[in-house]
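Below: the structure, in structure tokens.
In this text, all values refer to a predicted model and were calculated from it rather than measured experimentally.
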There are 2 protein chains.
Amino acid sequence: MQPENCSENSQLYRFLAENGMINVGAYGFPAAMQTLCNPSPTSYNSSDYHFESSVITDMTPQDRALAALKNHKEAEKRRRERINSHLDKLRGLLLCNSKTDKATLLAKVVQRVRELKQQTSELSGLETFPSETDEVTVLSGEYSSDGQLIFKASLCCEDRLDLMPDLNEILKSLHLKTLKAEMVTLGGRIRNVLIIAADKDHSVESVHFLQNALKSLLERSNSSEKSKRRRILDRKLIIQ
Amino acid sequence: MQPENCSENSQLYRFLAENGMINVGAYGFPAAMQTLCNPSPTSYNSSDYHFESSVITDMTPQDRALAALKNHKEAEKRRRERINSHLDKLRGLLLCNSKTDKATLLAKVVQRVRELKQQTSELSGLETFPSETDEVTVLSGEYSSDGQLIFKASLCCEDRLDLMPDLNEILKSLHLKTLKAEMVTLGGRIRNVLIIAADKDHSVESVHFLQNALKSLLERSNSSEKSKRRRILDRKLIIQ
DNA sequence: GCCAACACGTGAACC
DNA sequence: TGGTTCACGTGTTGG
């Protein structure tokens, strides 16, 4: 039996120690793993538990490796807890029994998100005429077969001459293509519904940028027009 | 060094084998783990690789344990894949980069589900007057501090004398308490909005039962009233 | 005893 | 390097 590298022996050492096959120090592992890297042919037992490296410094490379392992172990535990806490929140949100298993839960989440997207799409998609309330709606579609992301954006606000130029500027700067545009004006207000395509390489960012850009466009529009309007009822921002 | 049980030694054997410290058969592990349970004091190496148990039967207890381990390993892999595939679907649904880590993804999912619930609640909650379309809407709230589940249910259909008794019967049979009830009638139609509390012990089931009960109530209502109505435009069922 | 689901600790990969 | 994330195989528990 000739060990090939130190890693294997540190594993072996740990294995033996954890299973009580050799005695270990208070913490669990001594700083003697180094000695195992060039092991003497004697058997591993507690009588070999003497080493010279530990007298040189308090923090031998072995101790440091050990501390790293401990860190790693704890970090991993925190990671698991973080994930599980989110899963628990989802259980609450979906009214799932706390003992619903993870896979089933996630399947339900997928289904629910699809339903909700569908519902908001239907509920908010019915509007074609401008409303009294200012609205920015970005309904994210999914990726088309050719890798483009197709989605729908709706903007409802006061009509003004430079709205379309502003809108075009935004779309151009984000490298978004307008596949289709509907606009309806009524009583000084306008509703703009755009079908937009984004190249796959910067699609996600573009969607978020567009949301923010439209939102700020709407705010700009509001602040400049506020004096003219008798009332701004509300502001809706729908992000699907 | 006296091993305490067989499990430890099978672990040890596996450890040694996996790290090439002893030779193993074609599959990976020989059927010799039993011999390790009462080990001879000699060292573990390939020269000890002879055993009598395997000649008795093809399926020794060791082989069966081995097969079970293999099963277990593969089942666990399938489970991981199942979970991860759902996570990937969620990544697609949320337009997340494929390298968004699990915890962050799940945090976004939680946030998104909350947003979507909020939006559908707002979008569908605006209606107070009865619509032309028959509707059952159950908007699930979350658990209150005292463990009760509070949620909102809305029902819109033809008005009829025995609607309220039917409704009360349903709620009573499901042990649901009505905290608040709004009802608006207009042109022979009625909209009923109920705030309902369910005890925690059978809350989830009750919500689903209620959904089904209201749905069938609506269908019953329709079939008996169909002749009187000139048109039933549509039927909406919203479940949040 | 089997099966399914979980938490755990660890090695590997990526910054 | 250290920090962080992932997949993996395993021990364990409940049905």
(message) Can you tell whether the side chains of B:Glu76 and B:Arg79 come within less than 4.0 Å, N to carboxylate O?
(response) yes
(message) Assuming nearest nucleotide by heavy-atom distance, tell me which of A:Lys102 and B:Ala68 is located more 5' along DNA chain C.
(response) B:Ala68
(request) Show your working on salt bridge (charged side-chain N to carboxylate O under 4.0 Å, His left out) between B:Arg78 and B:Glu81 and close with a plain yes or no. (result) CA-CA 5 Å; B:Arg78 282 194 299 273; B:Glu81 286 169 348; over 6 Å; no
(request) Residues of residues 77-86 of chain B with any non-hydrogen atom less than 4.0 angstrom from an atom of DNA chain D: list those, numerically ordered, please. (result) B:Lys77, B:Arg80, B:Asn84
(request) Check whether more than 12 heavy atoms from other residues, nucleotides or ligands sit under 6.0 Å from atom CZ of B:Arg64, and answer yes or no. (result) no
(request) Give a yes or no on whether the backbone of B:Leu93 and the side-chain of A:Lys117 come within a donor-acceptor separation of less than 3.5 Å. (result) yes
(request) May I ask you to evaluate whether A:Lys70 reaches the phosphate of C:dG9, defined as a side-chain N or O under 4.0 Å from OP1 or OP2? (result) no
(message) Between A:Lys70 and A:Glu74 (salt bridge meaning N to carboxylate O under 4.0 Å), is one present in this structure?
(response) yes
(request) Report the distance from atom NZ of B:Lys73 to atom C1' of D:dG11, rounded to the nearest whole Å. (result) 15 Å
(message) Counting distance alone, no hydrogens or angles: does the base of C:dG11 have a donor or acceptor under 3.5 Å from a partner atom on the side chain of A:His72?
(response) yes
(message) Strictly below 4.0 Å, N to O, side chains only: are A:Glu169 and A:Lys172 in salt-bridge contact?
(response) no
(request) Could you tell me whether a side-chain N or O of B:Arg91 sits under 3.5 Å from a main-chain N or O of B:Thr100, the two making a donor and an acceptor? (result) yes
(request) Would you kindly check whether a donor in the side chain of A:Glu76 faces an acceptor in the base of D:dC6, or vice versa, at under 3.5 angstrom? (result) yes
(request) Take atom CG of A:Leu66 and atom P of C:dG9, then tell me their distance rounded to the nearest Å. (result) 14 Å
(message) To the closest 0.5 Å, what do you measure between CZ (A:Arg112) and CG (A:Leu90)?
(response) 11.0 Å
(message) Which nucleotide wins on minimum distance to the side chain of A:Asp101, given the candidates D:dT5, C:dC6, D:dT10?
(response) C:dC6
(request) Just jot down the side chain to side chain donor-acceptor pair (under 3.5 Å) partners of B:Lys108, sequence neighbours excluded, or say none. (result) none
(message) What's the closest nucleotide to the side chain of A:Arg64 if the choices are D:dG2, C:dA5, C:dG9?
(response) D:dG2
Could you go through nucleotides 13-15 of chain C and list every protein N or O atom that sits under 3.5 Å from one of its N or O atoms, giving the distance for each pair?
none

